[in-house]
Amino acid sequence: MTPQLPYATLKQIFARFAEAEPHPKGELEHTNAFTLLVAVALSAQATDAGVNKATRKLFQIADTPEKMLALGEEGLIEHIRTIGLYRNKAKNVIRLSRLLIENFGGEVPSSRAALTTLPGVGRKTANVVLNMWFHHPAQAVDTHIFRVGNRTGIAPGKDEAAVERAIEDNVPAEYQGHAHHWLILHGRYICTARNPKCGICPIRDWCLYPEKTA
DNA sequence: ATCCCGAGGG
DNA sequence: CCCTCTGGAT
């Protein structure tokens, strides 16, 4: 049960994030809403570096639902074989492309309810698309944010839904828009799962994680 | 609770 | 070798 950091401390923490990285961006490469949606779906349990390596070539060939269908499941597998869980992902992306054409006029829908009707698109993936493409106030909780939220006390919660609520409830309003990428980049490069780099952590002064001696 | 599932890092 | 990576469906 990690305690929740007080609001005044959260303001200091996010001010520090904002100072270090005024305009944080995601690192998944994409050229339009469709390629963003596909890239996020492919990124489940995979590094974005690995996803980018595969999608760089893939999106030159298939950057629309129509082209993805033309490529086909077997053709798609050839491109994403190096990413984990590739059979499920290939099947989902093909079915998702067909559904976009049949149900949404070939466009990526802008509501969570519509997005989550697509195969391979759950609440987390939908929230990433809503935040990054449509600039909606949606907080996607991935493995990094779940870990960072609980470890630091920024947004503790027993599951992803609880952490999502904690972010919405406790992160100062002026920082909500960029909170997702600040937290994810912090988790990826500083507050790593195995050997967190507490020695160079910019928010170490306020963190509740006991192993802040490294 | 389990399965999917390869690449990269320590 | 073992652990982790912007999860989702069953």
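Letters A, B, ... are given to chains in the order of the sequence lines, protein chains preceding strands, and every chain is numbered from 1.
With sequence neighbours excluded, the residues that form a side-chain contact (heavy atoms from CB on, under 4.5 Å) with T143(A) are R147(A). The salt bridge (charged side-chain N to carboxylate O under 4.0 Å, His left out) check on R98(A) picks up nothing, with sequence neighbours excluded. Partners of T125(A) by side-chain contact (heavy atoms from CB on, under 4.5 Å), not counting sequence neighbours, listed by chain and number: L37(A), V40(A), V121(A). The ring pair (Phe, Tyr, Trp, His ring centres under 6.0 Å) test applied to H178(A) returns W182(A), not counting sequence neighbours. Residues passing the side-chain contact (heavy atoms from CB on, under 4.5 Å) test with N195(A), sequence neighbours excluded: none. When the ring pair (Phe, Tyr, Trp, His ring centres under 6.0 Å) test is applied to H186(A), the partners found at least two apart in sequence or on another chain are F17(A).
The stretch residues 167-187 of chain A comes close to DNA chain C through H180(A), H181(A), I184(A), each having a heavy atom under 4.0 Å from the strand. Within residues 112-151 of chain A, no residue places a heavy atom under 4.0 Å from DNA chain B. Contacts of residues 29-44 of chain A with DNA chain C (heavy atom under 4.0 Å): S43(A), A44(A).
Per the geometry, CG belonging to L96(A) stands 10 Å off P belonging to dA9(C), to the nearest Å. Spacing between atom NZ of K89(A) and atom P of dC3(B) amounts to 18 Å, rounded to whole angstrom units. N195(A) has its CG atom 12 Å from the P atom of dC5(C), to the nearest Å. Distance I80(A) CD1 to dC4(B) C1': 12 Å, rounded to the nearest Å. Distance D159(A) CG to dG7(C) C1': 14 Å, rounded to the nearest Å.
The nearest pair of heavy atoms linking L5(A) to I154(A) is CD1-N, 3.9 Å.
dT6(C) and dC4(B) have their P atoms separated by 22 Å, with the value rounded to a whole Å. Between the P atoms of dG8(C) and dA7(B), the separation comes to 23 Å (whole Å).
Applying the side chain to side chain contact (heavy atoms under 4.5 Å, CB included) test between V108(A) and each of L115(A), L118(A), L36(A) identifies L115(A) as the sole match.
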Under 3.5 Å, sequence neighbours excluded: what are the donor-acceptor pairs made by side chains of residues 60-70 of chain A?
unit_1 : atom_1 : unit_2 : atom_2 : d
D63(A) : OD1    : K67(A) : NZ     : 3.3
T64(A) : OG1    : K67(A) : N      : 3.1

Tell me which donor-acceptor pairs under 3.5 Å the side chains of residues 81-93 of chain A have, and how far apart each pair is, sequence neighbours excluded?
unit_1 : atom_1 : unit_2 : atom_2 : d
R81(A) : NH2    : E78(A) : OE2    : 2.6
K89(A) : NZ     : L42(A) : O      : 2.7
K89(A) : NZ     : A44(A) : O      : 2.8
K89(A) : NZ     : G84(A) : O      : 2.9
N92(A) : ND2    : N88(A) : O      : 3.2

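Enclosure of atom CD in Q12(A) by more than 12 non-hydrogen atoms of other residues, nucleotides or ligands within 6.0 angstrom is indicated.
Across all strands, E27(A) comes closer than 4.0 Å to base atoms (heavy-atom distances). At a threshold of 4.0 angstrom between heavy atoms, the contacts of N92(A) with the nucleic acid are absent.
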- Message: Test side chain to side chain donor-acceptor pair (under 3.5 Å) on N131(A) and Q139(A); report intermediate values, then the result.
- Response: CA-CA 7 Å; N131(A) 181 301; Q139(A) 296 295 343; 4.9 Å; no
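Side-chain N or O atoms of T192(A) include none that pairs as donor or acceptor with a backbone N or O of R188(A) at under 3.5 Å.
Between H136(A) atom NE2 and N127(A) atom CG the span is 11.5 Å, to the nearest 0.5 Å.
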So which protein nitrogen or oxygen atoms get under 3.5 Å of nucleotides 6-8 of chain B's nitrogens or oxygens?
unit_1 : atom_1 : unit_2 : atom_2 : d
dG8(B) : OP1    : K53(A) : NZ     : 2.7

